[in-house]
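Below, read A as the first sequence line, B as the second, and so on, with proteins coming before strands; counting in each chain starts at 1.
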Protein chains: 2
Amino acid sequence: MAASENELLGAIYGRAAGALPAEVVVGPGDDMAVVRVGGRAVLIGVDQVIEGVHFALDRESIDRVAYKAVARSVSDVAAMAGEPTAAVVSTMLPRGAGYGDELAAAVHRHGLAMGCPVVGGDIAMVDGPLQLSVTVIGALTGGRAMLRSGARVGDAVCVTGVLGGSLGSGWHAAFEPRVAAGRALLEALGDGLTAMMDLSDGLAMDLGRLVEASGVGGAAVDAERLPCRAGCGWEAAVGDGEDYELLFTVADGVEVPGEVGGVAVTRIGEVTAEGGAVVRLGGGVVLSLKGRGWEHGR
Amino acid sequence: MAASENELLGAIYGRAAGALPAEVVVGPGDDMAVVRVGGRAVLIGVDQVIEGVHFALDRESIDRVAYKAVARSVSDVAAMAGEPTAAVVSTMLPRGAGYGDELAAAVHRHGLAMGCPVVGGDIAMVDGPLQLSVTVIGALTGGRAMLRSGARVGDAVCVTGVLGGSLGSGWHAAFEPRVAAGRALLEALGDGLTAMMDLSDGLAMDLGRLVEASGVGGAAVDAERLPCRAGCGWEAAVGDGEDYELLFTVADGVEVPGEVGGVAVTRIGEVTAEGGAVVRLGGGVVLSLKGRGWEHGR
């Protein structure tokens, strides 16, 4: 079988392509799928958080676990420049856990606060880790879904916020999904916004995915331009995961705004014709970003 | 905390009521929720299957596990008289499991065959049981969603197919979701179809839920009318779970069809003004169905 999560996902995505009915506008492989229900485009995507992989109960509170579970899925809506409508949540609760009620209350509270009410769920008690699987559906308010596949050579590569150090700083369980920023970018840039995704597995890995999905030769970012979280260097900014910021590309010649939806925007590099995803360290030193990515729980 | 799955679900549903935005047409508590996305009604619901709770890998093949995971969620669409559009699936794969690729292929194949293509997913490898969480979205083709809350005193209580013995017969992992039957019932009966749900936890428990959701006093079914699977008696027909047949009510005076969508329909009793959910054994003997239900994995 496939050896890693990424290979396995690749196998599934590869298989699904080509066999999907016409209602499926965007199939597996992007942050969310787009399907037509009664003629109307609906965003749908699922993400799970698992004890021991995405959080540890001796470090995070139940409230933060619930927050992170919902926010991760809502972040995918932001990446599509969409607006969340509702969520459903399935929960595996370790048998004997005393926090089931607190967890359910927190999931509902955070969903409502993020504009994404939890409208259904399924709970089972098991001998296993705590797990929450959160599916979010949403609407396209800007007329189109932003995919990771639209980048072109020469486009500017940009990010919102700061990168790196998410786990140590607590950001991974407290981040604000960039829904407003995603929509504002599409509104402000229109066709000038060419590709977008959210940063969940680190810039190195996610930029590589954007390059691959777009069928371009590469992307180069400058270490000195990377907006690093306080205390982080460029290695953390490209290698750490769980930034939950937006990574996007802007057509050559279109002005990149300095901030959007109250969040700073930084131009960190550009899409290239070849070379893969790389970071330029200055003095002509260029390092491949391949293999610098991060997998949850590893 | 709440002691059982049902109590916990009750706590969540109770909490959610009243706080939901206007886009939520039907909130938690029915087989699926109904939300408006871009003005259009969308059905959404989630169900999970877990190794050791809903299946055992020494008894069921990976193909059957995948089938059951998808079919359970599609069965909820049938219960709403809707039509499935697409699914997303999150999977917890036990570390070292050799069947990941086979499982993913089977999930996709069965989704497509049920008219419910899998358009997204999330996979994590963990030290824990195999789990699949399947969210399905769907459309309302008959103009309204069938809820479990519309039964009125005097309505006929009916079921599709046969009941009982699902686990022993293998039906639990091979059943056909009653999508065609659900839609055909709404089309044939119109407003005469007053309530509907699917039977997942056994007639005793699920009829009690329909009674409670509808705010009626009770429902009485006749043991001798129950369509029992070969080898099953009335106790199995009311107490066994995982029938995945439709339980529905038909307004007094409206003719109940003998079959629908190729599936037999049986009138098994009627909605009553009081007494709770009961089974009549003949000779004036009436037994409460309360406590005869079935919980997965217990």
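- Residue Val24(B) touches chain A through its side chain alone, counting heavy-atom pairs closer than 4.5 Å.
- In this structure, the portion of Thr91(B) lying under 4.5 Å from any heavy atom of chain A is its backbone and not its side chain.
- Shown here for Ala124(B) and Ile50(A), the closest heavy-atom pair between the two residues is CB-CD1, 3.4 Å.
- Contact of Arg36(A) with chain B is made through the backbone alone, with heavy-atom distances under 4.5 Å.
- Judged purely by atom type and a 3.5 angstrom limit, Arg40(B) uses its side chain to pair as donor or acceptor with the backbone of Gly38(A).
- The candidate with the highest count of non-hydrogen atom pairs below 4.5 Å against chain B, out of Val42(A), Leu43(A), Val107(A), Ile44(A), is Ile44(A).
- The contact between Val46(B) and chain A is made by backbone and side chain atoms together, counting heavy-atom distances below 4.5 Å.
- Highest contact tally toward chain B, considering only Leu112(A), Val26(A), Thr141(A), is held by Leu112(A) [criterion: heavy-atom pairs under 4.5 Å].
- A donor-acceptor pair under 3.5 Å links the side-chain atoms of Asp122(B) to the main chain of Gln48(A), judged by distance alone.
- Among Val35(A), Val37(A), Val89(A), Thr85(A), the residue making the largest number of heavy-atom pairs under 4.5 Å with chain B is Val37(A).
- Counting only heavy atoms from C-beta outward, the side chains of Ser90(B) and Gln131(A) approach each other to under 4.5 Å.
- Heavy atoms only, all atoms of each residue included: Ser133(A) and Ser133(B) are closest at OG-OG, 3.4 Å.
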